[in-house]
Amino acid sequence: MPGNSLYARDTGAISDLQKLRFFPQEVSHGEGCYLYDPDGRGYLDLSAGWGAASLGYAHPDWVARVHAALLNQAGATLLSSAVAPAVELAERLLEMTPGGAERRVWLGHSGSDANETVARAVAAATGRPRIMSFAGAYHGGTQGSMAVSAHPVQSHATRDTGLTSVPYPDTFRPFDGDASGGALLDHIETLLRITCPGDEVAAFFIEPIQSDGGLLVPPPGFLKRLGEICARHGILTVCDEVKVGLGRTGKLHAFEHEGWTPDILVFGKGLGGGLPVSAVVGPATILNHATAFSMQTTHGNPISASAALGVLDLIERDGLAANAARTGAHLMEALKTTLKGNAHVGDIRGRGLVIGIELVGRDGSAAPQLARRAVYRAWELGLIAYYVGAGSNVIELTPPLILNKTDADLGAARLGQAIADACAGRVDDAAIAAFQGW
Ligand SMILES: *Cc1c(COP(=O)(O)O)cnc(C)c1O
């Protein structure tokens with residue numbers, strides 16, 4: 001890389017603490033599903049910035065909405081006043097989520113501050129000292145959200161002293177050999193009877209698809225049964241829809257696939273379309289527990305709130321959940337066709353426009369080096385995707401919800417080529433040594 005390149009300047013100026021790099025991508029502008037480097041080379045972005053760019057880049061109708069909000073800046077914060085776009089967003093979120101009238105909305109910047117707020121509020125409001133969540137869960141990168149997570153990248157973090165983590169229902173590597181998840185539910189019931197008494201547990205944090213933990217889709221009926229178990233013990237279920245919610249799975253909410261309705265919903269990433277905004281929707285008994293309890297200065301600011309309203313309007317107006325179902329099914333088929341017969345592709349799974357490709361060695365074990373090579377090679381071919389998973393071996397696709405079939409086909413072709421090249425050893429391991437991802 002030339003010494004004055006954008007990437008070299010980034011290396012010289014920006015802290016490593018917040019970097020998760022897989023290749024030396026430079027970005028100077030974006031449009032639709034494509035990011036462009038300073039030389040004008042386009043990259044098809046099948047990550048959408050980890051799902052944040054739900055409408056792709058520079059969507060004209062969304063830009064107009066944000067621009068109008070800036071021209072008429074209705075304050076900077078909701079902490080000490082009622083801000084029109086923030087109230088409108090909260091009312092909109094209440095309308096589009098199930099539950100009774102006595103619910104409220106908390107607005108934040110990120111999935112992390114939202115989950116941290118939930119973890120603190122459920123403990124304070126219920127007086128119960130314990131939390132449950134899944135091994136491999138990623139609920140955020142702040143101390144309070146890491147405290148209820150269990151992702152291997154956070155091995156440095158301090159966990160909540162009352163946290164109990166159980167395996168996520170993984171149909172590819174099933175708990176106790178039972179792909180239905182039944183054995184895992186029995187295990188959870190045993191814990192709730194003995195070592196983690198159910199009446200001491202305030203909440204169970206649940207990703208409806210475990211994304212950073214390896215793009216795991218629960219078996220049919222699992223979350224419904226888990227919800228019933230939690231209800232019996234008075235445990236609140238928290239559905240973290242930060243990455244997979246708001247149309248991505250083909251329905252507006254990911255939990256709608258499960259015949260299960262959570263008590264508390266958490267939104268982030270795609271809600272803001274690339275601007276920072278998150279939201280919690282839940283019972284007033286929890287979210288009105290106290291005043292001045294969980295707040296940051298620019299929470300509920302009119303620009304972020306308007307950006308979210310723009311995203312929600314466009315998802316509805318343009319039928320983007322239906323597009324995610326349709327284009328996602330097409331992309332899945334194209335991937336299965338191009339990757340067919342490759343012994344290193346252990347599993348291809350997902351729902352709508354959230355898809356994981358699990359790469360394995362000859363013995364079926366996780367193959368992280370193949371994943372590193374594959375995403376690097378894909379980038380050389382003009383495609384952006386990253387990998388996730390406890391074994392760092394699952395390529396994750398969370399493209400913009402506006403993806404069309406032409407770009408889905410192009411993406412599948414480039415990714416198929418990249419995985420084939422990675423498996424055949426046609427990728428320079430020295431070039432990727434500096435990009436260890438996670
Ligand atoms: C990314 C993510 C978070 C954290 O969101 P940030 O915006 O990075 O703070 C929380 N939960 C899930 C499921 C996520 O994917």
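Numbering of ligands and ligand atoms starts at 1, following listing order.
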Check: Any side-chain donor paired with an acceptor under 3.5 Å for D240 and H139?
Finding: yes
Checklist line | Exercise: do N301 and T298 side chains pair donor with acceptor under 3.5 Å | finding: no
Notebook entry, point to check: Which of the atoms of ligand 1 are close to D240, meaning less than 4.0 Å from one of its heavy atoms?
Noted result: 10 (C), 11 (N), 12 (C), 13 (C)
Margin query: Show the atoms of ligand 1 that are less than 4.0 angstrom away from any heavy atom in K243.
Written below: 15 (O)
Check: Heavy atom of G140 under 4.0 Å from ligand 1?
Finding: yes
Notebook entry, point to check: Has ligand 1 got any nitrogen or oxygen that is less than 3.5 angstrom from a nitrogen or oxygen of G111?
Noted result: yes
Check: Do any nitrogen or oxygen atoms of H139 lie less than 3.5 angstrom from nitrogen or oxygen atoms of ligand 1?
Finding: no
Check: What atoms of ligand 1 come within less than 4.0 Å of a heavy atom belonging to N115?
Finding: 10 (C), 11 (N)
Next item on the list: Answer yes or no: is there an ion pair linking R232 with E189, defined by an N-O contact shorter than 4.0 Å?
Entry: yes
Item checked: Salt bridge present between E333 and K405 (N-O < 4.0 angstrom) -> no
Margin query: Taking the basic N atoms (NZ, or NE/NH1/NH2) and the acidic carboxylate oxygens, is any pair closer than 4.0 Å for R103 and D263?
Written below: no
Item checked: Ion pair R130/E200, N-O distance below 4.0 Å -> yes
Check: In terms of residue, atom name and distance, what is the protein heavy atom nearest to atom 1 (C) of ligand 1?
Finding: K269 NZ, 1.4 Å
Next item on the list: Identify, for atom 12 (C) of ligand 1, the protein heavy atom at the shortest distance, and state residue, atom and that distance.
Entry: Y138 O, 3.2 Å
Notebook entry, point to check: Got a salt bridge between R173 and E358, using NZ or NE/NH1/NH2 to carboxylate O under 4.0 Å?
Noted result: yes
Check: Going by distance only, is there an N or O of S112 that falls short of 3.5 Å from an N or O of ligand 1?
Finding: yes
